[in-house]
Amino acid sequence: MAARRLGGSSWQQVVSLSRRCCVPGGRRERYRCSSSSTALGKTVDSSEVTPEEIVLPRKKTWDKLAVLQTLASTVKRDPTAAHYMFYDDPYLMPRNAATSRLFALSKESGRNAAKYIFTNFPQYFDKTFAEPNVPCLMPEDLTPQIEGLSEEALKERIHLRRVKDSVNLFDQLVQAGTPVSLETTNSLLDLLCFYGDAESAPEKEEEGKEDLEEAGVNASEQAAPKRQFQKGSFSPRWRDNNNAERIFKTMPERNAHSYCTMIRGMVKHGVSAKAYDMYIDLLNERHKADVHTFNALITAVPYLKEKFVERWELAKVFLNHMVEQQVQPNLLTFNALLKTLRRCGGIGRSMALLVFKEMEALGIEPSLATYDHLLSIFYRAVSPTDLGSSGIISEVLGDIEKRSFTPQDPDDANFFVNAMQVCCDLKDIKLAYQLNKVMEKGDNWKFLAVDRLNGYWSKFFSLLCMMEQIDVVLKWYKAMPPSLFYPTPKNIMDLLQALDAANHLEEIPSVWEDVKQLGFNRRQELLEELLSLMSREQHPEEIQLAFAKCAEDIKAAHEQTGREQIPLEWTGSALGSVVLLFSRAGRTQDAWNLMELFQQINRIPTDQVMDEFLNCAKRTSSPDEAIKLVKLAASLGLPSVQRLKNRTQEEFELSEQQKQTLESVKSDGDSSDSDSD
Amino acid sequence: MAAPMAARGLRALSRSVPDGTRTLHTTPSCLKTRAARVRVGKGDKAVTYEQAHPPHYIAHRKGWLSLHTGNLCGEGGAAERTLEDAFLRRFLGGTFPGSVLDSLVLKRRGNLVVLCAVLSRALPPHKIYFLGGYAETLLSHFYKCPVRLELQTLPARLPYKYL
């Protein structure tokens, strides 16, 4: 009662709610009331001291997505499921890295096909019946509205990113004598330098034809960019005297912005020498460049000079100019500087840390790209002697651990893969665990794109196999595929070596099942490794049987000829191992069938194989097989024929006829396979 | 055939009396309901669970194929939903030609439309992914709401019994 009188409206609601929902349970209701009154105990006391002073808690404002994010944080990764983008069905789930990439790409190309229909037939999609309207699902009208020769029309075309149309319109305006303002010309230059004189979006069919009909001049320009696209580089090359340069030269007045745009465009499209000349022109005109231009120039330094010292000197020249022109450097400046230092060899190593300290002194937060460049400077794969500075990576990881990063530089995406590579080179598993923790913190997982995930985790797994105990390795092996990554053949080899080192060879049949599922069962080196591991030593009975079953699968893999598959060739060691395994499991007939293959492939079985086969024949007491073996050995001309003959005579109970056949087998390998037995 | 003729005869007899005609009632067995029922045959026709149960089993042994709130009291838009359902069924039937094994189940949650389809394994998986991505994006743009496709594949249509 006291609670109700004193409290604010929120407390009243709490109490009344508790009454409403606990009507049958009187005791509960009383408990609730008492708990609220004890919670209010403080306010009761304080209100008795000062009746006006009621401290209501500050209202919390939650993010719109807070509930969903909390729910999402309670769900852990399901280790048996593939990535969320795949359908959850055994036929549609990808089994290895190649199929997962194929399915992801086919889904994306399906989406592109739908977008193509959507953009080419907007008349079927433009009814607005959704309340409220969803603008991202409505077709966009990308045709320019304003016709005629005017500056507004030019501005609109620039805004819609139509490169060719804007150039045409500009030329027409200039020829008609209408003055075009400096800003519009500058924005036209921006457009041209960004796209490098190629068209921004692939042209529609009918528009392409129209352009060809309109002006014959355009035909050559249309052909050339397409040719350059196919040259293989992803940004088209800058041609001499293309539209941008032409317009630049004919401009009546130019300001700093025009020069800067031209410099940045030239650096982007690969003609750094011209960019440098343009920069000299800019200095001669006593203009000031902005920070983006300087960033572009610094990235172009490795293409301008060859020797390391000269590169560093040129970079310093640019930096001094920046100071003179009072341009503040930003994060991208330092990243560009470090990227240049990557290609400066030894000087890079000595200067990089100074650059980093400078960055911190200026108060610029480093991004992942910064750390990536630092790691590449200090951990070139070429010089293992320089690994004395391995403290760098632990410092880097210590710095990164505390922060969650946002993408600020396109090179950020390379950080995790390179860092994991460095950990593998250093063979340090603790660093790798630390790196994993960094990746799981906050938003950092977003920096690993789907196609790089596999590389990252497979390197981690190789490191695990090398460095960790077998049970840890097996635990990770059960947990990681297929949700995190798909093992590569190298991973399977590493796993087999780890199993071998830990003497856990009984896991091999399950590994073989995984290999079959991953589709690696036709890889020669993997099969050889498996067979040699299985056949090296004698194992207890049931393991031997399991091994024999694997051997049978491998034999089937060698023999089957798919429609387009080249049949696998048997090698001598592989065949010998399979025979060994069959013999040890007591499958004499299978072993004999394979022994006959030796002659076909022109290989010689080792002594161990022959002995094992004899043992098997003895166990199953089939002296015929033994005799056949001796004959085969004789026909192959093996030096051990005599020994085998003696052994057969001693260990087997032979009938008279068999003894005679055995005697007739000559040890110098004359024709004895003409016997009909 | 005898009954209607007898009825006509009786009607002729009782034409003098204006009302109180005693006509014969046709028996219910002639008016069998035929809606959504598969008639018993020789025993070689495989029917799925969906087909084997006539409509009076809905809410007892069957669920609904299309779930939306348009038919609740005070809610509108039932006709539009039905039209959308018809279009979506035809669209998916055409996009995955010959592969849709059973009727689609459509679930609407708020703005989202979830299409649950059972496909056969006739197409290779990457083609199914292509068509699935295409269908989702195109339908989203067409209906201005998110459309999600949840697929399941079976080797063949699953028979419940043979009629």
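The chains referred to below are lettered A, B, ... by the order of the sequence lines, with proteins before strands, and numbering in each begins at 1.
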Problem set entry | B:Tyr162, OH atom: more than 12 neighbouring heavy atoms under 6.0 Å | no
For this session: List the atom of A:Ala114, the atom of B:Thr137, and the distance in Å for their closest heavy-atom pair.
Result: CB-CB, 3.6 Å
Exercise. What distance do A:Leu105 atom CG and B:Phe130 atom CZ have between them, rounded to the nearest 0.5 Å?
Worked result: 12.5 Å
Exercise. Would one find more than 12 heavy atoms of other residues, nucleotides or ligands at under 6.0 Å from atom NE2 of B:His56?
Worked result: yes
Exercise. Minimum heavy-atom separation for B:Arg148 to A:Tyr84, with atom names?
Worked result: NH1-OH, 4.4 Å
For this session: For atom CD of A:Gln123, decide whether the heavy atoms of other residues, nucleotides or ligands shown that lie under 6.0 angstrom number more than 12.
Result: yes
Exercise. What pair of heavy atoms forms the shortest contact from B:Cys145 to A:Leu137, and how long is it?
Worked result: N-CD1, 3.7 Å
Problem set entry | Whether over 12 other heavy atoms sit under 6.0 Å from B:Lys107 NZ | no
Problem set entry | OH (A:Tyr124) with more than 12 external heavy atoms under 6.0 Å | no
Exercise. Do the non-hydrogen side-chain atoms of A:Ile117 and B:Tyr134 ever get within less than 4.5 Å of each other?
Worked result: yes
For this session: Could you pull out the closest heavy-atom pair between A:Phe129 and B:Tyr143, with the gap in Å?
Result: CE1-O, 3.7 Å
For this session: Enter the distance from A:Met138:CE to B:His141:NE2 here, rounded to the nearest 0.5 Å.
Result: 11.0 Å
For this session: Name the member of A:Gly110, A:Pro90, A:Pro94 that forms the most heavy-atom pairs with chain B at distances under 4.5 Å.
Result: A:Gly110
Exercise. Are there more than 12 heavy atoms of other residues, nucleotides or ligands under 6.0 Å from atom CZ of B:Arg39?
Worked result: yes
Exercise. More than 12 heavy atoms of other residues, nucleotides or ligands under 6.0 Å from CD of A:Glu513: is that the case?
Worked result: yes
For this session: For each of A:Asn133, A:Leu102, A:Asn112, A:Thr128, tally heavy-atom pairs with chain B at distances under 4.5 Å, and name the one with the top tally.
Result: A:Leu102
Exercise. Can you say whether the rings of B:Tyr129 and A:Tyr87 are parallel (under 30°), tilted (30 to 60°) or perpendicular (over 60°)?
Worked result: parallel
Seminar exercise, completed: Cut-off 4.5 Å, heavy atoms of chain A, and the answer for B:Leu119 is neither
Exercise. For atom CZ of B:Arg121, is the number of surrounding heavy atoms from other residues, nucleotides or ligands below 6.0 Å larger than 12?
Worked result: yes
Exercise. Less than 4.5 Å apart, any side-chain heavy atom of B:Leu151 and any of A:Tyr91?
Worked result: no
Seminar exercise, completed: From the list B:Thr153, B:Leu154, B:Val118, side chain to side chain contact (heavy atoms under 4.5 Å, CB included) partner of A:Asp89 resolves to B:Thr153
For this session: Taking the six-membered ring for Trp and the single ring otherwise, decide whether the centroids of A:Phe103 and B:His126 are under 6.0 Å apart.
Result: no
Problem set entry | Minimum heavy-atom distance between A:Lys127 and B:Lys144, given as atom pair plus value | O-CE, 3.7 Å
